[in-house]
Asks: 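Structure below; questions to follow.
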Amino acid sequence: MQIVSSQISIEKTSHSRIKEQDINNSPFGKVFSDHMLVANYLDGSWQEVKIIPYGNISMSPSMSALHYGQTVFEGLKAYRNPIGKPLLFRPEANYKRINESAFRLCMPPVPEDIFMDGLKELIRLDADWIPTQSGSVLYIRPIYFATDESVGLKPASSYKFIIISCPVGAYYSEPVKLIVTDKYVRAAEGGTGAAKCGGNYGGSLLADKEAKQQGYDNVLWLDGKQKKYIEECGTMNVAFLINDVVITPKLTGTILPGITRDSVLTLFKDMGVKVQERLISIDEVADAYQEGSLSEAFGMGTAATIAHISTINYQGRDMILPPVSERKYAPKILQQLEDIKTGKVTDPYGWVCQL
Ligand code: COI
């Protein structure tokens with residue numbers, strides 16, 4: 001056991017699994033790196049923080065997160081720069097957001113040194129798991145959940161914070177086809193839509209399943225009150241190019257404040273493209289399609305980065321968007337973002353964190 005800081009101890013695996021894996025060709029989220037970080041919170045204080053071999057954790061069947069969903073998570077990625085050194089993209093933004101999510105779920109904040117120092121130590125240790133092939137990266141998943149052994153409903157007094165990571169390829173191999181749903185909603189005013197909590201994702205699965213049964217990849221979510229304004233697509237933020245203006249739903253409290261969303265909007269603005277964060281109705285998008293002024297649509301999220309949208313089904317009719325090869329904006333921004341993340345170009349924003 002090695003003690004790397006006053007708080008973090010490391011127990012290295014005696015058997016690395018990396019040679020048994022093709023890390024440049026792993027399916028999304030199925031293969032996990034050698035180590036994980038685990039920190040426990042009990043009755044008002046954080047206990048020892050450990051980096052240990054990746055493995056199962058034991059839990060009581062009465063563990064409260066399983067019953068009442070006091071559980072939040074994050075997603076971020078590690079890249080290699082052109083000389084192979086590991087880089088993280090905007091980890092402070094994930095640190096900030098996990099605590100905003102935790103606040104909404106009535107959970108105590110994760111301290112910065114546990115999140116940030118623990119994350120860096122873990123990824124330094126498992127840096128060999130960062131794929132070398134372009135298009136593949138190391139996806140990092142911090143999770144934080146209540147561990148009280150109790151079926152009484154109340155904010156728990158014990159919690160576990162874990163970070164695991166997995167080498168992944170592209171989340172979507174093709175542009176995505178969406179279907180507008182007014183049968184289900186993802187979030188309602190005053191709900192948990194802006195938090196990255198497990199329940200939001202569990203609650204989206206039936207809509208997603210039905211979309212797939214109808215031949216689409218994901219749903220395009222509308223607001224919970226009027227079923228009129230676009231909110232997100234699948235598990236991503238969404239944007240449209242109409243008359244050369246990027247229009248994306250504004251963060252009303254029902255939408256996840258995406259880190260990729262923020263990065264993409266920043267790059268568009270700095271490229272001199274007009275960006276509007278405002279309410280955008282599905283009818284406005286359908287009218288723009290009809291007039292020929294809707295040139296692009298895309299989802300934004302950590303896993304997919306930018307997912308080009310090829311089709312939007314609304315009221316039984318497919319709106320088919322121009323092929324990606326004819327798109328002027330999103331492919332360029334995606335390339336610029338990837339170049340920043342992989343250290344191929346200088347990062348004027350301070351987003352890239354060297355390990
Ligand atoms: C992400 O984009 O990182 C997410 O958290 C979505 C998840 C369903 C992979």
Side-chain angles (χ1 to χ4, degrees), residues 26-33 69 71-79 88-102 104-105 115 119 123 130-131 135-145 161-176 178 184 186-187 192-209 211-212 216-221 231-239 248-249 251 254-265 298-309 330 333-334 337-338 341 351:
S26 302
F28 192 93
K30 302 253 192 227
V31 171
F32 298 95
S33 68
T71 168
V72 300
F73 68 96
E74 275 303 320
L76 70 158
K77 287 175 172 172
Y79 301 80
L88 295 172
F89 185 70
R90 304 193 71 178
E92 300 85 3
N94 296 94
Y95 161 66
K96 184 169 166 274
R97 191 172 62 183
I98 201 167
N99 282 333
E100 288 165 1
S101 301
R104 180 62 184 82
L105 274 283
F115 188 99
L119 172 66
I123 303 308
I130 305 173
S136 292
V137 294
L138 189 69
Y139 183 81
I140 304 165
R141 173 54 64 87
I143 41 171
Y144 181 33
F145 53 93
F161 173 66
I162 296 180
I163 309 179
I164 56 174
S165 72
C166 42
V168 298
Y171 195 68
Y172 292 110
S173 50
E174 296 290 332
V176 294
L178 304 177
Y184 301 107
R186 178 187 166 276
T192 57
K196 203 163 174 69
C197 60
N200 290 347
Y201 293 77
S204 75
L205 291 174
L206 184 58
D208 191 73
K209 179 177 162 185
K212 288 185 168 67
Y216 297 86
D217 299 299
N218 290 137
V219 294
L220 186 60
W221 298 104
E231 300 227 313
E232 295 193 14
C233 67
T235 59
M236 297 178 286
N237 296 116
V238 63
T248 192
L251 302 176
T254 53
I255 293 174
L256 186 81
I259 296 162
T260 306
R261 174 188 183 278
D262 181 74
S263 310
V264 165
L265 298 186
F298 55 89
M300 299 164 279
T302 300
T305 309
I306 284 183
H308 303 292
I309 295 168
I333 290 291
L334 176 59
L337 193 51
E338 291 305 309
K341 289 173 165 186
W351 287 341

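What's counted below: heavy atoms across the whole structure, side chains too, no hydrogens, waters or symmetry copies. Counting starts at 1 for both ligands and their atoms, in listed order. From a predicted model like this one, the values you see are computed outputs, not experimental measurements.
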Asks: Can you pull every nitrogen or oxygen pair between ligand 1 and the protein closer than 3.5 angstrom?
Replies:
unit_1	atom_1	unit_2	atom_2	d
ligand 1	2 (O)	T302	N	3.3
ligand 1	2 (O)	A303	N	2.9
ligand 1	3 (O)	Y139	OH	2.6
ligand 1	3 (O)	A303	N	3.4
ligand 1	5 (O)	K196	NZ	2.7

Asks: With sequence neighbours excluded, what pairs up with Y95 under the ring-ring contact (aromatic ring centres under 6.0 Å, His included) test?
Replies: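 Here the qualifying residues are F115.
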Asks: Only pairs under 3.5 Å count here: list side-chain donor-acceptor contacts from residues 164-175, not counting sequence neighbours, and write none if there are none.
Replies:
unit_1	atom_1	unit_2	atom_2	d
S165	OG	S33	OG	2.8
Y172	OH	N218	OD1	2.7

Asks: Calculate, to the nearest 0.5 Å, the distance between atoms CZ and CG belonging to F298 and N237 respectively.
Replies: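 With rounding to 0.5 Å, CZ (F298) is 10.5 Å from CG (N237).
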Asks: Which is it for F145 and F73 under the ring-ring contact (aromatic ring centres under 6.0 Å, His included) test, yes or no, and what are the steps along the way?
Replies: CA-CA 9 Å; F145 53 93; F73 68 96; over 10 Å; no
Asks: Identify, with sequence neighbours excluded, every residue that meets salt bridge (charged side-chain N to carboxylate O under 4.0 Å, His left out) alongside R90.
Replies: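 In terms of salt bridge (charged side-chain N to carboxylate O under 4.0 Å, His left out), with neighbours along the sequence ignored, R90 is linked to D262.
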Asks: From the options K96, R104, R97, select the one residue that forms a salt bridge (Lys or Arg N to Asp or Glu O under 4.0 Å) with E100.
Replies: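 Testing E100 for a salt bridge (Lys or Arg N to Asp or Glu O under 4.0 Å) against K96, R104, R97 leaves exactly one candidate, K96.
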